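In what follows, a single structure is set out as structure tokens and then discussed.
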Amino acid sequence: MEIKRTKIVDIFNPALVGNDVCVKGWVRTRRGNKQVQFIALNDGSTIKNVQIVVDPAKIDENLLKDITTGACIGATGKLVESQGAGQSVEIQGENIVLYGTCPNDYPMQKKGQSFEYMRKHAHMRLRTNTFGAVFRIRHNMAMAVHRYFSDHGFFYFHSPIITASDCEGAGEMFQVTTKNLYKLEKDDQGSIKYDDDFFGKMTSLTVSGQLEGELGATALGAIYTFGPTFRAENSNTPRHLAEFWMIEPEVAFLELNGLMDLEEDFIKYCVKWALDNCKDDLEFLNKMIDKGLIERLEGILKDNFVRLEYTEGIKILEEAASNGVKFEFPISWGGDLASEHERYLVETHFKKPVILYNYPREIKAFYMKQNEEPEERRTVQGTDVLFPQIGEIIGGSVREESLEKLNGEIERRNIPTKDMWWYLDTRKYGSCPHAGFGLGFERLILFVTGMQNIRDVIPFPRTPKNAEF
Ligand code: 4AD
Ligand code: MG
């Protein structure tokens with residue numbers, strides 16, 4: 001009778017000792033001598049390998065030769081308590097099936113390759129210990145996101161991927177068209193005609209689901225989106241992707257303090273989830289990638305995040321500069337903070353996460369709620385959550401609910417409203433105070449895994465000049 005396969009994650013159950021078991025997976029290593037051979041097998045269900053002990057006399061010589069690093073096999077035999085150090089149980093291999101051989105040009109054969117090298121072989125890097133750990137954690141974080149919001153009364157809301165509006169107004173959108181680019185028709189002014197394009201207008205991939213999210217929140221009360229977003233910004237940094245996943249909750253009747261409470265509570269929940277549910281993988285990453293990882297994650301849970309007005313942040317930075325701290329970029333009220341400034345506040349000055357809020361309106365998006373201040377020094381109720389090692393992990397705001405003020409801002413910025421009339425209707429019909437934020441999912445994964453480059457926490461990264469795989 002054929003024995004049903006057990007996943008390796010389930011094999012370390014003491015109740016199975018003494019049973020015949022079957023495991024299937026990819027060979028990590030094979031070593032041994034003429035008397036005994038040891039195969040370390042991994043099937044992706046856990047960071048742990050199971051050891052299969054084989055008597056070479058009982059197995060075909062050619063088959064044994066084919067059991068090399070990377071080969072795919074199935075093995076059946078009795079599960080016994082292990083004599084050797086490093087594992088609690090092992091399998092006394094009786095029958096081995098070879099599913100796929102693995103020639104020795106297998107790109108993941110050598111241990112200790114650089115992440116740079118691994119990126120060039122991103123289709124195979126998934127099979128390594130490090131990337132297995134990262135992507136199991138990524139899955140767990142996605143589950144944490146859904147659990148958090150569902151348990152707190154938010155509805156999962158699907159905002160569109162294709163859109164005609166630029167939410168962040170930064171003009172960094174990837175265009176979507178079915179037009180024949182070899183035969184582009186232009187009108188008398190030299191503009192491309194879109195009325196005969198697929199959607200009858202110019203469309204792009206979304207940079208954010210927020211605008212549609214606001215429609216959801218002002219109907220269902222509290223929603224969150226969780227989907228891919230696209231930005232054609234030419235940023236070749238370890239923190240930017242052209243395609244990344246964003247989580248955007250949006251809540252009716254939420255004001256500034258409540259927004260910051262939600263941001264902090266949500267991130268802490270995700271970090272705690274990782275500590276509670278990804279122990280083996282975190283311990284592996286803590287050992288191999290970043291010795292301070294687990295301590296840093298636990299530290300986040302203990303501290304209250306600092307809440308600091310932008311203006312106060314600028315004062316601290318100016319004072320630091322006048323006391324001799326060297327910054328590459330200048331600091332002045334009204335300017336955006338460079339990552340060195342954010343890191344100074346978080347890593348040097350406060351040594352804990354900081355939520356900066358009440359930013360000058362000129363450096364934030366049009367939809368943020370305006371504070372009552374003179375024009376030239378007007379701030380808006382935007383919040384950025386700044387994290388050690390990461391910098392900005394969340395960007396959010398209270399939204400401007402007054403139609404008059406919002407229209408004023410749209411006019412002041414010359415934003416075309418032809419594709420936004422539906423958004424403005426939220427302010428026209430039963431407008432309400434509301435707020436929300438966006439968390440970059442990969443930046444959260446960077447923090448939770450201790451990985452250094454955002455290209456290493458998404459299976460197949462999209463960055464300028466790179467869409468392989
Ligand atoms: O600060 P951002 O641009 O905010 C928005 O898009 C708002 N519409 C969110 C909202 O209020 N609903 O982006 C939010 C977060 C950033 O804090 C960052 O974590 C992440 O998205 N992010 C990126 N992550 C990876 N690659 C990029 N190019 C990113 N751009 C933003
Ligand atoms: Mg931002």
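Read the numbers this way: they start at 1 and go in the same order the structure lists the ligands and their atoms. Because the structure is a prediction, the values reported are computed rather than measured.
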Give the residue, atom name and distance (to 0.1 Å) of the protein heavy atom nearest [atom].
atom                    : result
atom 18 (C) of ligand 1 : Arg443 NH1, 3.5 Å
atom 7 (C) of ligand 1  : Glu168 OE2, 3.3 Å
atom 26 (N) of ligand 1 : Leu241 N, 3.0 Å
atom 22 (N) of ligand 1 : Phe244 CE1, 3.5 Å
atom 17 (O) of ligand 1 : Glu392 OE2, 2.6 Å
atom 12 (N) of ligand 1 : Glu248 OE2, 2.7 Å
atom 11 (O) of ligand 1 : Arg399 NH2, 2.9 Å
atom 15 (C) of ligand 1 : Gly438 O, 3.5 Å

Taking only heavy atoms of [X], which atoms of ligand 1 are found under 4.0 Å from at least one of them?
X      : result
Tyr367 : 7 (C), 8 (N)
Gly440 : 15 (C), 19 (O), 20 (C), 21 (O)
Arg239 : 25 (C), 26 (N)
Ile394 : 17 (O)
Glu233 : 27 (C), 28 (N), 30 (N)
Ile454 : 25 (C)
Gly395 : 1 (O), 9 (C), 10 (C), 11 (O), 17 (O)
Ile393 : 17 (O), 19 (O)

Taking distance alone, with N or O pairs closer than 3.5 Å, would you say Glu250 contacts ligand 1?
no
Just heavy atoms, cut-off under 4.0 Å: does Met246 contact ligand 1 by side chain, backbone, both, or neither?
side chain
Quick check: does any side chain N or O of Glu233 sit under 3.5 Å from a backbone N or O of Ala242, one acting as donor and the other as acceptor?
no
Spell out, as yes or no, whether a donor-acceptor pair under 3.5 Å connects the side chain of Glu400 to the backbone of Ser402.
yes
Side chains of [X] and [Y] only: does a donor on one sit below 3.5 Å from an acceptor on the other?
X      : Y      : answer
Glu214 : His434 : yes
Gln381 : Asn371 : yes
Asn129 : Arg28  : yes
Asn49  : Asn42  : yes

Does this structure show an ion pair linking Glu298 with Lys302, if we count only N-O contacts that are shorter than 4.0 Å?
no
Yes or no: does Glu442 have any heavy atom under 4.0 Å from an atom of ligand 1?
no
Measuring from non-hydrogen atoms of Met368 to any atom of ligand 1, is the shortest distance under 4.0 Å?
no
Less than 6.0 Å separating the ring centroids of Phe149 and Tyr224?
yes
Does the structure place the NZ or CZ of [X] under 6.0 Å from the centre of the six-membered ring of [Y], at an angle of no more than 45° from the ring's axis?
X      : Y      : value
Lys364 : Tyr359 : yes
Lys48  : Phe12  : yes
Arg147 : Trp273 : no

So if I apply the ring-ring contact (aromatic ring centres under 6.0 Å, His included) rule between Phe305 and each of Phe266, Tyr357, Phe387, which one comes out positive?
Phe387
Taking Phe441 as the fixed residue, which of Phe244, Trp245, Phe226 is the one that meets the ring-ring contact (aromatic ring centres under 6.0 Å, His included) rule?
Phe226
Would you tell me which option among Lys364, His240, Arg231 has the nearest heavy-atom contact to atom 3 (O) of ligand 1?
Arg231
Can you name the N, O or S atom of Glu392 that is closest to the Mg ion (ligand 2)?
OE2
